[in-house]
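Chain identifiers are assigned alphabetically (A, B, ...) following the order of the sequence lines, protein sequences preceding nucleic acid strands; residue numbering begins at 1 within each chain.
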Amino acid sequence: MSRAYFSYLETGLGFSLLSWQEDKLRAFILPQKSKEKALSMFQKQARFSFYLRPQEKVPFPSLEERVQNYFEGYPVSFTTYPFYLDDLPPFTREVLKATALIPYGKTITYGQLAEKIGKPRASRAVGRALGQNPLPLLIPCHRVTARYDWGGYSTYGLRFKILLLSIESRPNPGGSFSPFV
DNA sequence: ACTCGATGTCTTA
DNA sequence: TAAGACATCGAGT
């Protein structure tokens, strides 16, 4: 297995962490209060057995800037970057690839996403798969909601999901947002 | 507003 | 291979 790397990104909301492998994005941690917190979340999820040293620069042009712009309220797309999803189960990959196509500011339901990948009864499986998303925000799983309520956002909590959706529902940048209350 | 059954995929043992 | 976990859904009350 080829080597993976990571770097911290400083945003208006705190410290994110980005990991990559084979020139593809492998993992992303939504902004945390400290680098240590972001790192511990990364280690818990990625289950890497080897130690990684943070890199100075992210080898993806303008990605850092886009993330920062996003949290300042600007509409930003991440679909131009390659995702490393190779070690995920096939169904999970399909769900995430379809999720990546949901445009900024739009939402669909778990059921609609299930239909989109040709498994109309798999809404619940879709939700379960989204919970495995290694690239939240970049693969916008927060734009998938339940039919009658917000749905879930297991690893970061529903607050964070609603925060992301509220950012995207505001056309005016410059407002202050905080998931830590 | 609430229960409850059917549902697909993945992990674990 | 069987059981259990789930970020669901819709019908019935």
Side-chain angles (χ1 to χ4, degrees), chain A residues 1 4 9 11 13-19 21-22 24-33 37-50 67 70-71 75-79 81-170 177-181:
Chain A
M1 175 155 97
L9 271 58
T11 78
L13 284 188
F15 296 96
S16 274
L17 187 154
L18 180 77
S19 173
Q21 181 171 4
E22 292 176 4
K24 295 179 188 165
L25 302 180
R26 167 153 200 150
F28 183 75
I29 302 295
L30 289 174
Q32 303 296 310
K33 282 179 181 170
K37 201 140 190 169
L39 179 60
S40 76
M41 289 199 66
F42 173 55
Q43 289 170 331
K44 201 180 296 181
Q45 292 176 26
R47 301 203 297 256
F48 288 143
S49 54
F50 50 93
V67 171
Y70 178 89
F71 287 108
V76 159
S77 166
F78 299 101
T79 51
Y81 299 101
F83 302 136
Y84 182 97
L85 304 174
D86 305 11
D87 55 356
L88 265 29
F91 177 82
T92 307
R93 268 207 307 272
E94 290 311 303
V95 169
L96 293 177
K97 282 196 282 185
T99 304
L101 304 177
I102 306 171
Y104 184 98
K106 294 215 167 173
T107 64
I108 67 172
T109 67
Y110 299 104
Q112 289 169 340
L113 186 51
E115 282 184 24
K116 196 156 283 195
I117 61 175
K119 312 242 176 171
R121 320 216 153 242
S123 57
R124 194 157 187 200
V126 164
R128 192 186 187 287
L130 290 176
Q132 312 301 121
N133 180 11
L135 293 160
L137 177 61
L138 311 187
I139 295 176
C141 58
H142 60 281
R143 296 178 193 147
V144 188
T145 67
R147 181 72 182 81
Y148 301 110
D149 57 43
W150 293 107
Y153 208 61
S154 47
T155 60
Y156 294 92
L158 198 49
R159 294 194 69 89
F160 224 128
K161 183 178 194 172
I162 294 173
L163 169 77
L164 296 176
L165 291 173
S166 76
I167 288 176
E168 298 188 15
S169 69
R170 279 179 221 208
F177 308 100
S178 176
F180 316 118
V181 184

Measure from the side-chain heavy atoms of [X] and tell me the nearest of [options].
| X | options | result |
| --- | --- | --- |
| A:Arg147 | B:dC10, B:dG8, C:dC9 | C:dC9 |
| A:Ala146 | C:dC9, B:dG8, C:dA7 | C:dC9 |
| A:Arg128 | B:dT7, C:dA7, B:dC10 | B:dC10 |
| A:Arg124 | B:dG8, C:dA7, C:dC6 | C:dC6 |

**Prompt:** Would you say A:Tyr148 reaches C:dG10's phosphate, i.e. side-chain N/O to OP1/OP2 under 4.0 Å?
**Reply:**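 True: A:Tyr148 side-chain N/O within range (under 4.0 Å) of C:dG10 OP1/OP2.
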
Heavy-atom pair with the smallest gap, counting every atom of [X] and [Y]:
| X | Y | result |
| --- | --- | --- |
| A:Tyr110 | A:Trp150 | OH-O, 4.4 Å |
| A:Thr79 | A:Ser77 | OG1-OG, 3.0 Å |
| A:Ala100 | A:Phe83 | CB-CE1, 4.1 Å |
| A:Leu13 | A:Pro31 | CB-CB, 3.7 Å |

(message) Using modelled atom types and a 3.5 Å cut-off, is there a donor and acceptor pairing between side-chain atoms of A:Lys106 and backbone atoms of A:Arg143?
(response) no

Mind calculating the distance between [atom1] ([X]) and [atom2] ([N]) to the nearest angstrom?
| X | N | atom1 | atom2 | value |
| --- | --- | --- | --- | --- |
| A:Ile139 | C:dA7 | CD1 | C1' | 16 Å |
| A:Asp149 | C:dT8 | CG | C1' | 9 Å |
| A:Ile102 | C:dA7 | CD1 | P | 18 Å |
| A:Arg121 | C:dC9 | CZ | P | 13 Å |
| A:Leu96 | C:dA7 | CG | P | 15 Å |

- For A:Thr92, which contact category applies under a 4.0 Å heavy-atom criterion: base, sugar-phosphate, or nothing? sugar-phosphate

*With sugar-phosphate meaning primed atoms plus P, OP1 and OP2, does A:Ala125 contact a base, only sugar-phosphate, or nothing at under 4.0 Å between heavy atoms?*
base

Its dot-bracket string being built from Watson-Crick and G-U pairs below 3.5 Å, with | for another strand and [ ] for crossing, DNA chain C has the pattern ||||||.||||||

Note to self: Quick check on contacts: within residues 103-119 of chain A, what sits under 4.0 Å from DNA chain B by heavy-atom distance?
What the structure shows: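 Only A:Lys119 qualify.
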
Going by the angle between their ring planes, with limits at 30° and 60°, are A:Tyr153 and A:His142 parallel, tilted or perpendicular?
perpendicular

Item to complete: Measure the acute angle between the ring planes of A:Phe160 and A:Tyr156, then classify it against the limits of 30° and 60° as parallel, tilted or perpendicular.
Response: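 Correct class here is perpendicular.
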
Which residue in the set A:Val126, A:Leu164, A:Asn133 passes side chain to side chain contact (heavy atoms under 4.5 Å, CB included) when paired with A:Cys141?
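Only one of A:Val126, A:Leu164, A:Asn133 forms a side chain to side chain contact (heavy atoms under 4.5 Å, CB included) with A:Cys141, namely A:Asn133.
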
Show your reasoning for whether salt bridge (Lys or Arg N to Asp or Glu O under 4.0 Å) applies to A:Lys119 and A:Glu94. CA-CA 11 Å; A:Lys119 312 242 176 171; A:Glu94 290 311 303; over 6 Å; no

